[in-house]
Structure formats: C-alpha cells, structure tokens
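Written below as structure tokens is the structure these notes are about.
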Amino acid sequence: MSDFAGVQDVLQKYFDALYACDVDLLAEVFHPRAIYATADETPPLYRDMPTYFEVVRERTPPAASADPRRDIIDEIAFAGDNAAAARVRCTLGARDFVDLLTLVREDGRWRIIAKVFQIIEKG
C-alpha cells in the first residue's frame, strides 16, 4: 500500500470511528500519546487520549439515528517519509468540524499524533 493510500485508510477509519463512537477503532488510528485540542473554547481545550476516549464513550453515536454522513478529505500533504498532515471535514449532529490532523508513521504504520479542530455551528 502506498503512503497516500495508507493515510487515506487511517482517515476513513477515523471517520467511521467518529460516526459509530467506536473507541476501539479510534485507538487504532490515534497514537497512544496523541493530543486533541481546540481553541474554540475558553480556555483552549486539550485532552489526552484516555480522556478523549471517555468523552466519545458517553456520546450517542450519529449512526444510531442514521444521521447523514459528510466526511471530506480536503488535503493530504507529506513532510517526509514518516510525517503527514491532513485537513478533513465532518459533521457530527448539529456541528460541522474542520480537523487538522498530523500523522506519523511508526513501525510502518500511520497514526494520528495530533488533532486540532475548529467547530462550525450550523445556522
């Protein structure tokens, strides 16, 4: 599998995990030491993976009510053999999100090491 296809695969699993609130699948795509952050809250929100996974466990999955999916990969860029960045968009409930994801390849496997996102309230 090419690097581009490998990153695309991680991103698709990421979208699937968010839609189903599947923490096991999220644990596959996120590096255990990844960070989750947004400046849309005051103070800026930062979570480690265990905290983030607990929040996801408490959510009602969009899949449970068959909410329409809107998963878009805007861009994938490589910074070398083992680093990539992706700008993606998705919808969860009444909010749209723009996610800036940084990925690293470790032991031949791509994983998200950082998620910084912007919340866009639907009007």
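Between K13 and D22 no salt bridge is recorded (no basic side-chain N to carboxylate O distance below 4.0 Å).
Residue R89 forms a salt bridge (Lys or Arg N to Asp or Glu O under 4.0 Å) with just one option from D96, D71, D74, and that option is D74.
Counting heavy atoms from C-beta on, the side chains of W110 and V104 never come closer than 4.5 Å. Between D81 and R105, some side-chain heavy-atom pair lies under the 4.5 Å cut-off.
Residues L11 and I73 share a closest heavy-atom pair of CD1-CD1, 3.8 Å. Taking all atoms of both residues into account, the shortest heavy-atom contact from E121 to A94 is OE1-O, 4.2 Å. Minimum interatomic distance between A34 and A114 (heavy atoms only, all atoms of both residues): CB-N, 4.4 Å. Taking both residues in full, the closest heavy atoms of M49 and I35 are given as CE-C, 4.2 Å, listed atom of the first, atom of the second, then distance. Closest approach of L26 to F53, counting heavy atoms only: CB-CE2, 3.7 Å. In terms of heavy-atom proximity, L92 sits nearest to P62 at CD2-CG, 3.8 Å.
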Report task. For side-chain contact (heavy atoms from CB on, under 4.5 Å), just list the numbers for F15 and V88, CA-CA rounded to whole Å, side-chain angles, deciding distance to a tenth of an Å, and then say yes or no. Result -> CA-CA 9 Å; F15 290 139; V88 303; 3.7 Å; yes
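In this model, no donor atom of one side chain and acceptor atom of the other lie less than 3.5 Å apart for E106 and N82. Side-chain contact annotation: D99 with Y14, donor-acceptor N/O pair under 3.5 Å present.
Using a distance-only test at 3.5 Å, with no hydrogens or angles considered, a donor-acceptor pair links the side chain of T38 to the main chain of F117. Side chain of R109 to main chain of V29: no donor-acceptor pair is present (N/O by atom type, distance under 3.5 Å, no hydrogens or angles).
A distance of 6.0 Å or more separates the ring centres of F30 and Y36.
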